[in-house]
Each structure stands twice: as structure tokens, then as C-alpha cells.
Amino acid sequence: MSESKKHIVTAALPYANGRLHLGHIAGAYLPSDIYVRYKRLKKENIIFVCGSDEHGVAITISAIKEKTTPKAIVDKYHEKNKIAFQKMGISFDIYSRTSNQIHHKTSQEFFLELNKKGILVEKTESQLYCENDKMFLSDRFVEGTCPKCKSEGARGDQCENCGSWLNPTELISPKCKLCSNKPIIKSTKHFYFPLGRFQNELEKYVSSKKNWKPNVKNYCNGWFKEKLGDRAVTRDLEWGIKVPLNNADGKVLYVWFEAVLGYISATKEFGEKIGDPNLWKNYWQDPSTTYTAFIGKDNIVFHAIVFPAMLMAHGNYLLPQNIPANEFLNLEGGKFSKSRNNAIYLEDVVEKYSVDALRYTLASILPETKDSDFYWKDFQARTNNELADIYGNFINRTTTFIQKNFNSKIPAVGALSSEDKNFLKELNDLPQKVGDLFEKFKFRDANNQIMDFVRIANKYFNDSMPWKTLNSHPEKCKTTLNNCINAVQMLAVVFFPILPDSSKKIWKMIGNNSDIENINWNEINNLKVDINQTLVEIQIPFSKIEDNVIQEELNKLENQNNVDIQIKEMVPIKPIISFEDFQKVDLRVATILSCENIPKSKKLVKLEVELGNLKKQIIAGIAQEVEPSSLVGKQVVIVANLQVATLMGLESQGMVLTTAGTNDTFALVSLNKNVPSGINIK
RNA sequence: GGCGGGGUAGCUCAGCUGGUUAGAGCGUCGGAAUCAUAAUCCGCAGGUCGGCGGUUCAAAUCCGCCUCCCGCUACCA
């Protein structure tokens, strides 16, 4: 063990403001777990690290919404997710959290080290600050009058009317978007990480990694083309890791900067737990260690560019050797979406189904090369027709045969026919083939490879016809069964990384006293089932899933999508306005005369409406919600005195009132009966 | 519109550093077998590899154009 290869394996830190769903598992966690379990069987020295990412604005916002504190949010989801991971069999050595003291300390030290080296750039900027909300207003949180074209409602970063790029402080009469108060100008100092300085080194680093997945390299090259710029390392926020400098009150480290360091702090914590506080150095700072970072594609920039640059800047750490990033898993043809409740949550599913069945299905559909889909029916088919029928049945027919005909005693091998030899060859080749695929992060292929062997095993059983040879050629029958039970044992081992629970059970069922975890993968070919062993309590390894159970899940998804319309959080009501203010808005009934899609625009349609004897052209962003031709003749409510705007080169002389929702929550504001067009609304 | 990823058998996908009759699993149909969770095994059927053009002795595979789908982004007055 001591001289074996050393690995540190990390899986992306899940953000602690929501529950984990199957998409997360298929992205980073199942692949990393399979890999780690395999490496452990290889008796390689490996630490598997993960934890909750618990800082950032999103958590603060969740806390405000749920009327609680960030700490409460983070505690809740950390606990939930930790348990869900455990139940799913994701075998982290440690599942830490970035709110831990050890992480704060690690991040602060890292920051100070970079600062000491003079790498961080300090910039003082005048920014808008809202005294009411007590926060600096970033670009999107402020609007005002455009200094160039004088149109109102220009955002802090860009004026939508004339398209010019703005600095928030340039706006005439700026307003806080949250409370409408006038912000003051306040200067604030921030630290920046000069990513650009490392671009050359990063490009070399990435291009030197010949075995990275092409999708990962593509992403990086895209970023390199754009030229890397400075990235703010600090923020003016309350919730987070304090900037460890004297005059830095109210400043915290930006999440992107500290979250990735969570891997290192978690390793430290692990070392302390097992009584070896310096253990982390032996991994993170020892060049003989291989560092592998499992992530989903949304995390590629941070792990392939930002984090390596930080580590380069610091100088004392390993860089990721490989970053096996998966694409996304979709659900029933659509996106996994927390906000739309179109999701299958780990904590639910782990209670209801066999974890191994879930792991098996996910392993067969891992989005390794492109997005893939989870379908409930597919889950059922894979569990029933593959896991249960092919694999489960092979185990069952072998073990029950031995139980009935050999009194549960493992029969001995006799003379081998050429069929036996061929079968044993396949059997002995299996671990090498599967291992190679695991090494290359091709978990889906590995899974298929094993299943293919189970088919070979079933065929061997069929062709050997032990139920006939039992009486006619007993020796041959024993040989067949001996080979089959050895195949069962081998399958339990090679399937262990993917199906840990059932492998353990099968291992014991064969009559082994040892633990399957203690098997050395490199020696499994020599590992034959002892003929003195006796089978223990045969049980069916995989049960099937009934149609009605799946139907229930499908119904639930449909209901979720409906319920969702009601439970969606309400947008806060805007500040009170005076009646006069309201009267400024001229609302009118208009009849739609024509409506057509605007070429080359996904969302815009061109409407011609009639207001009494007046006609107006309106450009509206509703193309994705309604069929344009279906609107002709309908009466709608419009804002008639809105400033004219130009969209896609077309003049829009008003605005059609609709709900702000999409899909099911989209609706036009209409009238309960026809009235003369042009009539005003009070 | 910009960027990225896709469009291969009914379904899910592999193949795509160009080279024998384009593969696998599931599903369908037919058959064999009956030890086994009515499980298994064999076989048939099923594809103009999104479209057009080009390079080549040879293209699903390389190049160009087009088209459709998905994600991010912009236009949502």
C-alpha cells in the first residue's frame, strides 16, 4: 500500500441551497464514486473528497425568501445532501463544508499568500451604494436615464435603447432596482486576480493534457480565445469568508475563489479526523500524487482554468491531472429544473428504489459524451430486463442449481472441454477489459462490457445444459456449475464499483467469509471459489419494478409541473405609487389585425393593432408562447403611451399586457367581452 | 443573431485520427430450451448514417452550404 499510486479525487462541491437530484449524481458523483471504488480495489492509495459549497449571494437570497438566516439554509441542505449521498452509496472519505473554520482559515491563508506575492491587483472603484438596502448596486441592480440618448430605464451596464455600454455611475438620476431609492456614490476597494497573466501557462497546461476529454478542451479553448481578464476576488457582502486584512470590513472572498479551495480544506479536516494533521500535504503538495477533479460541464471554467491559475499563482500545489467533466442529464426529454420542479430528488428516490438499480441505470446512461435522458420507463426496463432478468437470473439459476442438486456445496471442476476453456478465457479477460475502461473514465462502456459478459455466461449455462448432464455426465455438470459460480463471484467483484450493495450480498451468498472490499483487483483471476464453501441463504438479488409504480412517478411529474404554477414564489410587490403616477399609464383595448413572426428572432412577433381609428405596430416578445396566427381578431390590453422603441430594426409603438410567466404561466390580458377598440382603461 | 453541443434502425446510443456486406442493447416477430425471478438462448425483420454539393480509388467518418433540435446569450417596451 505504501508504495502504491497516490490519488486525490474530488467531486464538485454541491451548492447548499437546494436538494440534490439525479442530474447531479450522473454528472459528477456516480462517476467519481465508481472510479474511487475501483481504485480502492486496486489497492491504490486514494482520498475522495467533497463537501457543501455554502457561501455566495444565492444563499443570502434564499435566506431572505425563506425568511431565515443563511446559516439555517446551509445547515439544512448540508445535512440533507450529506445523507442523500450516503444512501446513494457515494463513498466520500469526507464530506465537509466551506463554512467550517478550517476552510475559512485555509482560504484566508491562500488569499494572504497570493497578496504577499503581489499577484493580486487592488483597484479602487466608485460604485453606487444603496443606503436603504445597505449594498453596493452591481450593474443589474440599478437603472436610470441614459447619459447618451436620455432614454429612461437604462441599466447599469448598458442602455437598451441606444445600445451604448455604460458605467453605473454615469447614469443620470440612478435608482436602486430593489427599493427605488437614489443610491449614493461610494468608493470601494477590491482585489482582483489577474487571470490574464497566467494565460500562456494555462494554455500550455491544457494543451499538454492529451487524454482530457475533447469537450473539456473545447471549453477551455473558447475561453482562451476570448482572452482572460482580471477577476474580482472580493465582494462587499456579509455572508462569506472575511477578507483577512485590517481595512476590509464588510468584504468577503468571492465564492469562486474560496469554494475550490474547499477540496484542500476538506482534506485537512480528514487528516485531523484520522489523527494525521499533515496528511493533506502528502497529497496536495506531493508531485507523485495524481489529482482528478470530477465535475459537470457547468464547472469546467473553474476547474480547468481558474483553479489551476490560482494554484499556479500560489506555487505549492498540484494541478488537476484530469478533469472528467460530464454533460447534463435531462429528464423525460426536458431539463432537470429546480424552479420548474421538473426533477427527481435523490432523497426521495433513494428511499423508494434499490440504490443499485438506480446506479445501474445511471451508469448505463451517463452523459459522458453528450447530454442524455433519464426516462422512468427506461429505468424500469433496465432494472427488469437487464439487471433482474439477465444478471439477477444468472446468479439465481446458478445458485439454486447448486443448492438443489449439490446440497449447496460448491462442486469441483473436472476435465475442461473446449467450450469450458473458451468461457474461462472470457471470464479471465474480463477484469482487464473493465479495468481499462474504468481507467479511461468510460464508465458507461465498462458497465456494458460487464453486462455483455453476463450474456455470455447465460449462454454458456444454456449450451452446457447442466440439467441434462446432471444425470448423464455428472462430472461435466459439476464443471459447468463450478465455472458458473466462479463467474458469479467475478461479476460481484467487477460490478462492485457500480453496484456495491448487491455485490456485497452476492459475495456473502457464495459463502465467503471475507469482505469484498478487501479483494485485490489485480489478483482476482487467481481467486477461485473454494470447493469447501457452502452457499448461504439464497436470495433474489434484484427485484422488478411494477408498471403501476412507474406510472405513479410519471403522474407525479405531471402534477409537479402543474402544482408548480401555484407554488412558484411570488415576485415582490413594487413600491407604492401615487394615483397620478398610475394615471400616466394610458391603457387601451386594442384589436389585433395581424400578427406574424419576425424572421431571425426567436421571441419577437410583429403585431398590427387597431385602436379606434388609430393603428399601431407593436413588437412583442411572445413568439415562444403563442401561435401568432391564433391572435388575429383578439382583443388585448396595451400600453398606448409607451415611448417608442426599436427592436430588430422595427418600431414598437406600445406594449401588449401579458403575464410575466412562460409556458403554462403565460397568458394574455384579455376582456370578458368584446368592446369597441381604442376604449381606455381606468 | 453570437457561442457551444447534437441530428445513425421503433427507442437509447456506439462508430466519426476516412477503407471489407454501418454496429450494440432494449422493443417487435419467429424458433429452441425448461435449471432459473414466464427468466434464458438462437434467428428474422428493421437504417437513402438530417439535406445538397465538394475532396478522394474510397466518406456516417474530412471540407463547404443548408436545415432541424437542445443549452447559454442577445432581442423580450
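Below, read A as the first sequence line, B as the second, and so on, with proteins coming before strands; counting in each chain starts at 1.
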Whichever of A/Asn405 and A/Ser652 has the more 5' nearest nucleotide on RNA chain B, that residue is A/Asn405

Hey, which sits more toward the 5' end of RNA chain B by its nearest nucleotide, A/Glu327 or A/Pro541?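 On the 5' side of the pair lies A/Glu327.
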
[X] and [Y] ion-paired at < 4.0 Å:
X: A/Glu553; Y: A/Lys352; value: yes
X: A/Lys297; Y: A/Glu327; value: yes
X: A/Lys433; Y: A/Asp436; value: no
X: A/Arg382; Y: A/Asp378; value: yes

Of the nucleotides [options], which one has an atom closest to the side chain of [X]?
X: A/Asn393; options: B/C75, B/A39, B/U34; result: B/A39
X: A/Lys459; options: B/C35, B/C42, B/C75; result: B/C42
X: A/Glu386; options: B/U37, B/C42, B/G25; result: B/G25
X: A/Arg455; options: B/A33, B/C26, B/C75; result: B/C26
X: A/Arg397; options: B/U12, B/C26, B/C35; result: B/C35

Judged by modelled atom types alone, do [X] and [Y] share a side-chain donor-acceptor pair under 3.5 Å?
X: A/Gln539; Y: A/Asn396; value: no
X: A/Tyr391; Y: A/Glu386; value: no
X: A/Asn483; Y: A/Thr480; value: no
X: A/Lys584; Y: A/Asn641; value: no
X: A/Asn447; Y: A/Arg359; value: no

Distance between [atom1] atoms of [N] and [M] (Å, rounded):
N: B/A32; M: B/C70; atom1: C1'; answer: 45 Å
N: B/G10; M: B/G27; atom1: C1'; answer: 7 Å
N: B/G53; M: B/U67; atom1: C1'; answer: 14 Å
N: B/C62; M: B/U55; atom1: C1'; answer: 8 Å
N: B/G47; M: B/C42; atom1: P; answer: 23 Å
N: B/U40; M: B/U28; atom1: P; answer: 12 Å
N: B/C65; M: B/C72; atom1: P; answer: 26 Å
N: B/G19; M: B/G1; atom1: C1'; answer: 41 Å

Geometric class of the A/Phe461/A/Trp467 ring pair [parallel <30°, tilted 30-60°, perpendicular >60°]: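 The rings of A/Trp467 and A/Phe461 lie parallel, inter-plane angle below 30°.
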
Can you tell me the distance, in whole Å, between the [atom1] atom of [X] and the [atom2] atom of [N]?
X: A/Tyr375; N: B/G25; atom1: OH; atom2: P; answer: 21 Å
X: A/Ile395; N: B/U40; atom1: CD1; atom2: P; answer: 14 Å
X: A/Asn385; N: B/U12; atom1: CG; atom2: C1'; answer: 13 Å
X: A/Phe453; N: B/A24; atom1: CZ; atom2: C1'; answer: 18 Å
X: A/Asn326; N: B/G5; atom1: CG; atom2: P; answer: 16 Å
X: A/Lys297; N: B/C3; atom1: NZ; atom2: C1'; answer: 13 Å
X: A/Ile456; N: B/U40; atom1: CD1; atom2: P; answer: 16 Å
X: A/Asn448; N: B/G15; atom1: CG; atom2: C1'; answer: 14 Å

Between [X] and [N], is there a side-chain N or O to OP1/OP2 distance below 4.0 Å?
X: A/Asn462; N: B/C35; value: no
X: A/Arg444; N: B/A14; value: yes
X: A/Lys544; N: B/A39; value: yes
X: A/Lys404; N: B/A36; value: yes

Paired and unpaired positions of RNA chain B as dot-bracket, Watson-Crick or G-U wobble under 3.5 Å, | denoting a partner strand: ((((((((.[[[[.)...(...]]]]..((((.......))))......[[[[[..)....]]]]])))))))....

For B/C35, is there a stacking contact with A/Phe401, counting only centres under 5.5 Å and planes under 30°? no

So [X], base contact, sugar-phosphate only, or nothing? Heavy-atom distance under 4.0 Å.
X: A/Ile390; answer: sugar-phosphate
X: A/Ser372; answer: sugar-phosphate
X: A/Ile619; answer: sugar-phosphate
X: A/Lys468; answer: sugar-phosphate
X: A/Arg382; answer: nothing
X: A/Phe461; answer: base
X: A/Asp378; answer: nothing
X: A/Phe542; answer: base

